[in-house]
Amino acid sequence: MKRVPDIESLLRESRVFKPPAAFMQPRAANWNRKTAREQQKLAAQSPERFWAKMAREHIHWFTPWRKVLDWKPPFAKWFVGARTNVSYNCLDRHVEGWRRNKAAILWEGEPGDTRTLTFGELHRQVCRFANVLKGLGVKRGDRVALYMPMIPELAIAMLACTRIGAPHSIVFGGFSAEALRERISDAGARVVVTADGGYRRGEAFPLKPTVDRACAGASGVESVVVVKRSGEPMPMRKGRDHWWHELMAEASSRCAPAKLDAEHPLFILYTSGTTGKPKGILHTTGGYLTHVTTTAKALFDLRDEDVYWCTADIGWITGHSYVIYGILANGTTTLMYEGAPTTPGPDRFWSIIERHGVSIFYTAPTAIRTFIRLGDEHPKRHDLTSLRLLGTVGEPINPEAWTWYHRVIGGRRCPIVDTWWQTETGGIMIAPLPAVTDTRPGSATHPFPGIDAAVLDDDGAPVAPPDGGFLAIRKPWPGMLRGIWGDRKRFRETYWSKWKGLYFTGDGAHQDKSGNFWIMGRIDDVMNVSGHRIGTMEVESALVSHRDVAEAAVVGRPDEVTGTAIVAFVTPRAGIAAGPALADALRAQVTRQIGAIARPRDIRFTDALPKTRSAKIMRRLLRDIAAGREAVGDTTTLEDYTVLAKLRGDED
Ligand code: PRX
């Protein structure tokens with residue numbers, strides 16, 4: 001694989017930041033030099049023995065396992081025969097001890113309302129809602145779709161699902177009715193939990209009407225439970241729709257946790273791939289919980305006195321693993337914020353940190369770049385000295401953003417834990433240990449113990465540093481996806497067909513001479529916009545479903561704030577006038593079919609798309625044009641040379 005120019009600039013980044021002195025004291029961190037060395041040694045000898053040790057130390061098991069791992073590539077079973085329950089681990093074991101009255105969730109709504117749920121209170125509410133679900137006929141194994149704003153009821157609903165063994169499928173509240181319908185049908189959900197609306201950028205946005213539209217086309221939904229949040233008047237369909245507060249008032253606060261097999265399905269989470277249809281990534285119970293709980297404890301150095309805040313929406317994997325499960329399983333207080341980062345003012349995040357005494361802060365590079373643009377005066381107006389550790393996730397962080405984060409937010413005293421992972425990996429795979437690892441701005445540094453990450457070439461042979469290649473995981477790990485819901489063939493083909501028995505991440509990467517990993521981003525047709533994955537095919541199929549469009553090709557171009565901006569090249573049907581009106585209509589079409597996150601930034605109209613003689617669209621050329629670079633490389637297979645020249649000049 002050729003090296004791309006971005007990587008050359010990353011390669012020049014040679015600054016090294018040692019772990020801060022406060023973390024280096026022998027007993028200062030959960031994983032200090034000595035413990036880390038021991039874990040690394042054990043993991044190097046036997047990943048299975050290492051994960052078994054972690055599983056014993058971090059998780060309560062009702063029944064122990066007979067075997068740590070059963071690996072028949074690409075199908076893994078971890079902790080075979082063991083029984084556990086995720087909500088028991090996140091709640092009951094804390095409630096049985098001194099943490100009963102400790103804050104589990106500190107919640108802040110966008111309008112400024114706040115709620116605190118102790119572990120005891122959260123436990124009662126979860127039991128109640130588990131009984132509500134049972135009352136609606138939800139049985140072990142039945143799927144429940146959650147389409148909700150960032151309110152405590154979302155955490156309650158997901159933990160209630162885990163309590164009775166009903167896998168949840170959370171759909172981000174920004175997705176459209178069509179996207180929701182597709183996900184509800186694919187998962188075969190019988191119950192949908194939603195809210196009348198939520199708050200974002202100073203306004204209430206409706207959710208329940210979207211659920212109504214989605215259900216109109218999705219058969220099989222028997223009940224819709226609606227949380228009253230925005231207070232907008234809502235039509236309720238008799239027999240199907242129920243108010244959350246009415247059902248909860250009737251439900252008992254006692255519900256024994258189901259003793260579930262370690263491989264019982266925990267949740268499905270849809271993510272974009274290289275085809276038009278999103279993939280339902282399946283995670284299971286015991287291995288996932290072990291992975292997220294262990295990594296959260298070690299990498300975020302969670303302690304009982306911490307207030308931990310991850311800004312991700314629970315609709316994404318980061319929210320599942322590191323707003324809720326990995327954090328509550330450790331008995332740590334997790335902060336949830338409902339709204340936008342800049343409402344009512346550009347200092348909302350810093351005000352939250354100051355008022356709640358946040359000590360660990362985990363966010364995305366795209367947010368950091370937005371804050372840099374807004375100006376240093378906003379964080380500087382607030383006391384951020386409660387912070388002791390910072391994290392990032394979702395995309396490569398550019399060294400400038402890293403150093404700003406370190407200096408302005410972290411006051412030069414906080415380690416930055418840059419975490420590489422994916423929806424599919426369940427938990428963090430590559431990241432620095434805050435008391436141990438020297439960090440380099442822009443690098444996620446080293447794999448977590450027990451994770452065998454490598455940079456490989458097309459044949460699966462390791463690439464010598466510092467050359468680039470494909471990022472692969474060579475051994476199974478406990479949080480790994482167990483499949484794509486209902487599609488074993490696609491599971492094999494997407495992740496396990498490039499090399500036999502090795503997991504293909506879809507990312508390009510290289511290692512430096514010290515073994516640090518530098519992630520180059522996606523090498524397939526998946527874009528990373530503000531840390532969210534969007535498939536080019538999904539956007540293309542939304543565009544071509546418009547009656548005025550003959551053909552469309554979608555690529556990403558680099559963007560200073562969002563990492564990638566979506567650019568669509570569109571050929572209108574004969575006789576259709578291309579122009580701003582059509583461009584607006586197409587943006588609206590994509591918003592309707594997928595959601596606003598997938599709306600193209602630029603739409604360029606063209607008479608034809610550049611194609612090879614075998615009729616494949618030459619995306620590499622389009623990417624160059626979209627980025628304003630001269631098209632380079634081999635164009636001899638281009639079907640029509642004139643297309644290129646026309647594309648360059650023709651912007652809407
Ligand atoms: O390309 C990598 C990028 O995000 C992809 C995974 O996206 P998703 O499944 O939505 O999960 C995002 C949150 C875990 C990866 O294939 N990515 C994620 N974290 C990093 C990253 N790229 C570079 N550095 C990271 N720390």
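Order of appearance sets the numbers: ligands from 1, and atoms from 1 within every ligand.
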Intermediate values then yes/no, side-chain hydrogen bond (donor to acceptor under 3.5 Å, both in side chains), T419 and Y322: CA-CA 11 Å; T419 61; Y322 300 107; over 6 Å; no
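Figure legend: K279 and Y270 shown without cation-pi pairing, the cationic atom not lying both under 6.0 angstrom from the six-membered ring centre and within 45 degrees of its axis.
Protein residues with a heavy atom under 4.0 Å from ligand 1 are I317, T318, V393, G394, E395, P396, D418, T419, W420, W421, Q422, T423, D507, I519, R522, N528, R533.
Between R373 and E400 there is no salt bridge, since none of the side-chain N atoms of the basic residue sits less than 4.0 Å from a carboxylate O of the acidic one. A salt bridge is absent between R488 and E493: the closest approach of a Lys/Arg side-chain nitrogen to an acidic carboxylate oxygen does not fall below 4.0 angstrom. One finds no salt bridge joining K277 and D487 here, because no Lys/Arg side-chain nitrogen approaches an Asp/Glu carboxylate oxygen to under 4.0 Å. Taking the charged nitrogens against the carboxylate oxygens, E263 and R482 do have a contact shorter than 4.0 Å, which makes a salt bridge.
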